[in-house]
Amino acid sequence: MEFIDFGSGERGGSLGIVFPGWKRGETVAFLSPHDDDAVLGAGYLVRAVEKHGGKPVVVVFCRGDAGYSEAKDKKAIVGRRRRETRAAYGALGVPPEDIVRFDLPDLSLMAHVDRVTPGGRKGAVEDLIRVLRSRRAGRVVFSSAHYENWDHTAVHHLGMYAAPQAGDPILADLGAPWPVLTGLVYAVWGDFAPRPGQALSADVGVLAGDGDERAIREALAACGSPAASM
């Protein structure tokens, strides 16, 4: 497995090309709107973190309750997607204890982006900060907001604006501050936002070998629900 910086042209086997200053033992939090999004959009990087001595932690925000394409599957879909999630991320080297679920309803996540919602209920911000601090996640990888799903946009905002608060000396009851050193955006369905005059809109890429491809295919095969790519 190699990595490439499309801006500088640097290419090599160091994960520091993707995460500057990378050290073995670091934790990387992958924020996944739905169960399968981080597999689809960042699966190679999840595997790369594990292979390079890091700990990938996957935070799944939505419970998968809208991920069915036949009415008969409605009652069973959440449990089924939980099982698929464990198998998919297990194929990439992520054990069940490093999959954190917020269990929020599908297609509703934008209403939970705030710390406190307009209706006075707790949003997702404190739970995210608590996870990042307790897991000591110095890198955060999250979904693109460019023409994807509304839940993907919500997670993008959480990654951009809420995750950095994990390193600030606020909300002291949520754990000791732990700084987020870098943030990285992945696309699930389509391209990143275009840049004028540039063919590539990505900053960095992963060049995978045969073993990595097999692991990704196994993970994708585990995401077998009828509408798993919501």
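Everything quoted here is computed from the prediction, not taken from an experiment.
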| For Arg101, which residues count as a side chain to side chain donor-acceptor pair (under 3.5 Å) partner, sequence neighbours excluded? | Asp35
| Considering residues at least two apart in sequence or located in another chain, which fulfil the side chain to side chain donor-acceptor pair (under 3.5 Å) criterion with Arg83? | none
Counting only heavy atoms not in [X] (residues, nucleotides, ligands), do more than 12 fall under 6.0 Å from its [atom1]?
| X | atom1 | value |
| --- | --- | --- |
| Asp210 | CG | no |
| Lys51 | NZ | yes |
| Arg121 | CZ | no |

| request: Decide, yes or no, whether a salt bridge links Asp173 with Arg130 under the criterion of side-chain N to carboxylate O below 4.0 Å. | output: no
| message | Tell me whether Glu126 is salt-bridged to Arg115, with the criterion being a basic N under 4.0 Å from an acidic carboxylate O. | response | yes
| said: I need the minimum non-hydrogen distance between Tyr186 and Asp37, along with the two atoms involved. | reply: CE1-O, 3.6 Å
| note | For Pro169 and Pro177 the tightest heavy-atom approach is CA-CG, 3.9 Å
| field | Reference residue Leu45; test side-chain contact (heavy atoms from CB on, under 4.5 Å); the match among Val204, Leu184, Val28 | value | Leu184
| remark: Per side-chain contact (heavy atoms from CB on, under 4.5 Å), Asp151 is matched among Val155, Thr153, Asn149 by Asn149
| said: Is the distance from the ring center of His146 to that of His156 below 6.0 Å? | reply: no
| Does the ring centre of His52 sit less than 6.0 Å away from the ring centre of Phe19? | no
| Arg136 and Thr27: side-chain donor and acceptor closer than 3.5 Å? | no
| request: Step by step, work out the salt bridge (Lys or Arg N to Asp or Glu O under 4.0 Å) result for Asp5 and Arg11. | output: CA-CA 6 Å; Asp5 183 318; Arg11 173 177 170 174; over 6 Å; no
| request: Could you tell me which residues satisfy ring-ring contact (aromatic ring centres under 6.0 Å, His included) with Tyr44, sequence neighbours excluded, listed by chain and number? | output: none
| task | Look at the rings of Phe61 and Phe102 and say which category their plane angle falls in: under 30° parallel, 30 to 60° tilted, over 60° perpendicular. | result | perpendicular
